[in-house]
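Have a look at the structure below before the remarks.
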Amino acid sequence: MDTFGLLAQGLLTALEPMNMLYALIGVTLGTAVGVLPGIGPALTVALLLPVTYKLDPAGSLIMFAGIYYGGMYGGSTTSILLNTPGESASIVTALEGNKMARAGRGGPALATAAIGSFVAGLLATIGLAFIAPTVVKMALSFGPAEYFALMILAFMTVSAAFGDSTLRGLTALFIGLGLGLIGIDLQTGQARLAFGIPDLLDGIEVTTLAVALFAVGEALSVAASKGGDSTIQAIKGSVWMTREDWSRSWKPWLRGTAIGFPIGAMPAGGAEIGTFLSYSVEKSLAKKPEEFGHGAIEGVAGPEAANNASAAGTLVPLLTLGLPTTATAAIMLAGFQQFGLQPGPLLFATNPQLVWGLIASLLVANLMLLVLNLPLIGVWVRLLTIPLPWLYSGILLFATLGTIGANPSTFELGMLLAFGLLGYGLRRFGYPIAPVVVGLILGPMAEQQLRRALAISQGDPTILVHSPIAIVLLLLAATAVLLPLYLRARGRGKVLAQLGANED
């Protein structure tokens, strides 16, 4: 009953006229930017992060919630119409959605994606409201050693989950950890790695790094590649789903939500796992399995619901433990930090109105998304006709203006360019971007908890493995790194054995 009371209070905050306006602006901006080719939710949120800088914390985070959900839906639009997934989780939507669009059924594909996103977002947000307080109660018993083990788990899962190589993920993480050392040491007050530059004494600005790596790096990467002309698929007939489409979609929506939410809520989760799992479940349960690969509506409805349920699920570890498990969540963590807020169990105690207002605003943003996007599908299709050079030059302009607005400094613009080149270099050589941002955000926190634990034990490192919780978390962290290595080696071994058998 406490949860219902807190959620009701949160709804009162979210339904204030100004907060409703912020949510509407967030949903509109998120969808408008997310619908552009090659721009996923992470890039959308990074690009629009400076827009929220001047607002009050509640209004800013509520707008952020709208941008988050709007970006998620916008990514599915490009997957269906252009076969250009903005992120890995949208790849599965493109498999069947683009085939439907090519057959002139882009309207029903976009409609099932929008309604599936609404159903999944609604159920998953209610799940978030009920699960979060339980996780918070457990987390409040953590000491410095447990928090340090939790940070190690976050580092390892993020490094192993992003990219094809664990080693490259760890390398990107250590770049972020190195950047996190820059500035004044909180324990001793000494300047570290500032090289006598006053602007570096406050450390690297997370917003500048996120915008540079995701937006500027992506623009430079596209400019360096040849690129290709994308063709828009014409939508024939009505945008609305037929009765048969409805009957084939409602069960995949529910199944996708049930699969996506728990996977998103896991510290080692990832939306793409849920979407692929949902797709395989729908294929195995389909009454017309022969349609899969040729435009089966279940192959859009299930994965799209799983994708959005997972998006709400990622907020469970982010809000309750301060752990970002996706690139988008890492940028949302930066959004909290620009207001001096640290997500975690104490946030629920110190700022309950803000947290529950944010959770309730997800429900409001979700409803707005449905009302806004079903009539405006034609508008989003016209946005897709913007030529790529115009699109990415606009992104660079927006990123630059956003950085100047947040921190008017020539040095900060230089940092934006330098980190943009770093982002291009990482993409060029196949290194993931998200671990760099996570390393910068969580690195100083992990260092602080480690030093606290060692101070309590008077320098005895065995305190880090004294509690059962810390041991379990460290074992999970080791598993997160070693299991993918083992599975890859095993898969490689099978391929070599198969090649050897073929030669014989």
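Under the 4.5 Å side-chain criterion, counting only non-hydrogen atoms from C-beta, Val436 is in contact with Leu426. Using a 4.5 Å heavy-atom cutoff, the side chains of Leu319 and Phe336 are in contact. At least one side-chain heavy atom of Val364 sits under 4.5 Å from a side-chain heavy atom of Met368. Between Asp185 and Arg451 there is a side-chain heavy-atom pair separated by less than 4.5 Å. Between Phe148 and Leu464 the shortest side-chain heavy-atom distance falls below 4.5 Å. Residues Leu417 and Val216 form no side-chain contact, since every pair of their non-hydrogen atoms from C-beta on lies 4.5 Å or further apart. Side-chain contact between Leu315 and Leu362 is present, with heavy atoms from C-beta onward closer than 4.5 Å.
Here CG of Leu369 is found 11.0 Å from CG of Leu24. Values are rounded to the nearest 0.5 Å. In this structure, CD1 in Ile126 is found 4.5 Å from CG in Leu122, a value given to the nearest 0.5 Å. Atom CG of Leu358 sits about 11.0 Å away from atom CG of Asn19, to the nearest 0.5 Å. One distance of note links CG of Asn308 with OG1 of Thr125; it measures 9.5 Å at 0.5 Å rounding. With rounding to the nearest 0.5 angstrom, the CE atom of Met151 is 12.0 Å from the CD atom of Glu447. Residue Ile175 holds its CD1 atom at 5.5 Å from CG of Leu422, rounded to the nearest 0.5 Å.
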**Item:** Pair Arg452-Glu146, salt bridge (charged side-chain N to carboxylate O under 4.0 Å, His left out): steps then yes or no
**Value:** CA-CA 11 Å; Arg452 274 183 192 162; Glu146 287 82 7; over 6 Å; no
**Message:** Checking Ile204 against Met415 for the side chain to side chain contact (heavy atoms under 4.5 Å, CB included) test, could you report, in this order, the C-alpha distance in whole Å, the side-chain angles of both residues, the deciding distance, and whether it holds?
**Reply:** CA-CA 9 Å; Ile204 301 295; Met415 297 287 278; 3.1 Å; yes
**Prompt:** Taking it one step at a time, do Ile25 and Leu29 satisfy side chain to side chain contact (heavy atoms under 4.5 Å, CB included)?
**Reply:** CA-CA 6 Å; Ile25 293 168; Leu29 282 175; 3.7 Å; yes
**Request:** Determine, step by step, whether Met156 and Leu474 satisfy the side chain to side chain contact (heavy atoms under 4.5 Å, CB included) criterion, reporting the C-alpha distance in whole Å, the side-chain angles of both residues, the deciding distance to 0.1 Å, and the verdict.
**Result:** CA-CA 10 Å; Met156 295 304 107; Leu474 290 170; over 6 Å; no
**Request:** For the pair Phe411 and Ile197, evaluate side chain to side chain contact (heavy atoms under 4.5 Å, CB included) and give the outcome as yes or no after the intermediate values.
**Result:** CA-CA 10 Å; Phe411 183 80; Ile197 302 169; 3.8 Å; yes
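Using modelled atom types, no side-chain atom of Ser310 and backbone atom of Asn307 make a donor-acceptor pair closer than 3.5 Å. Looking at Ser221, its side chain never comes within 3.5 Å of a backbone N or O of Gly217 through a donor-acceptor pair.
Side-chain contact check for Ser361 and Tyr69: no donor-acceptor pair (N or O, by modelled atom type) lies under 3.5 Å.
Counting all heavy atoms, side chain and backbone alike, Ala470 lies closest to Ala145 at CB-O, 4.3 Å. Here the closest non-hydrogen pair linking Leu11 and Ala360 is N-CB, 3.4 Å. In terms of heavy atoms, Pro262 sits closest to Thr257 at CD-O, 4.2 Å. The two atoms that bring Phe419 and Ala212 nearest to each other are CB-CB, 3.4 Å, heavy atoms only. Nearest heavy-atom pair across Pro303 and Ser278 is N-OG, 3.3 Å. Contact detail for Ile456 and Pro144: the closest heavy-atom pair is CD1-CG, 3.8 Å.
For Leu12, the side chain to side chain contact (heavy atoms under 4.5 Å, CB included) criterion is met by no residue, not counting sequence neighbours.
The side chain to side chain donor-acceptor pair (under 3.5 Å) contacts involving residues 422-437 comprise Glu218-Arg427, where partners must be two or more places apart or lie in separate chains. Under the side chain to side chain donor-acceptor pair (under 3.5 Å) criterion, the residue pairs touching residues 408-419 are Thr208-Glu412, Asn407-Glu412, with sequence neighbours excluded.
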